[in-house]
Asker: 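Submitted below is the structure of interest, expressed as C-alpha cells.
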Amino acid sequence: MKLLVVPLYLLFFLAVSFTGFFVVFHLLRYSVNKRVARFTVLLFIIGTGILLVSNALLFFSIPFDTITNPLPPLPSESQF
C-alpha cells in the first residue's frame with residue numbers, strides 16, 4: 001500500500017508547490033502596490049511552508065506497516 005500512496009502524495013505535494021509558485025508570481029507581477037505585494041508574498045510563503053511541512057510530517061507519521069487492507073473482508077461461502 002505504501003508503494004501506491006507515497007507517489008500519489010508526492011504528486012500532490014508537487015502540485016501544491018507548483019500552484020504556490022503561480023500564486024507568488026501573479027501577486028508580484030500584477031499587484032498595484034509593490035510594497036504590499038512583497039508583504040503579502042512573505043505571509044503567503046510562510047503560511048504555505050508551515051502547512052506543507054506539517055502536512056508532510058503528519059503523512060509520514062502514518063504507520064503504513066500496520067495498515068493492511070482498508071476494505072472489509074468479503075463474506076466467505078461457508079456463511080451462507
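Counting from 1, the numbers follow the sequence of the chain as shown.
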Asker: Rounded to the nearest 0.5 Å, how far apart are CG of Leu57 and CG of Leu52?
Answerer: 11.0 Å

Asker: For the hydrophobic clusters of this structure (ILVMFWY residues joined by side-chain heavy atoms under 4.5 Å, transitively), does one cluster hold both Leu28 and Val23?
Answerer: yes

Asker: Could you report the tightest heavy-atom contact between Arg29 and Lys34, atom names first, then the distance?
Answerer: O-NZ, 3.6 Å

Asker: For the pair Thr48 (side chain) and Ile45 (backbone), establish whether a donor and an acceptor sit closer than 3.5 Å, ignoring hydrogens and angles.
Answerer: no

Asker: Evaluate whether atom CZ of Phe21 has more than 12 neighbouring non-hydrogen atoms of other residues, nucleotides or ligands under 6.0 angstrom away.
Answerer: no

Asker: Hey, can you tell me if Tyr9 and Phe60 have their rings parallel, tilted or perpendicular (30° and 60° cut-offs)?
Answerer: perpendicular

Asker: Looking at Val16, Leu10, Leu14, which one forms a side-chain contact (heavy atoms from CB on, under 4.5 Å) with Phe12?
Answerer: Val16

Asker: Check whether any side-chain heavy atom of Ser31 lies under 4.5 Å from a side-chain heavy atom of Val36, and answer yes or no.
Answerer: no

Asker: Could you tell me the separation between the CG atom of Leu27 and the CZ atom of Arg38, rounded to the nearest 0.5 Å?
Answerer: 13.0 Å

Asker: If you group Ile, Leu, Val, Met, Phe, Trp and Tyr by side-chain heavy-atom gaps below 4.5 Å, do Leu42 and Val24 land in one group?
Answerer: no

Asker: Phe39 versus Asn33: any side-chain heavy-atom pair under 4.5 Å?
Answerer: no

Asker: Would a 4.5 Å heavy-atom cut-off, applied to side chains only, mark Phe13 and Asn55 as touching?
Answerer: no

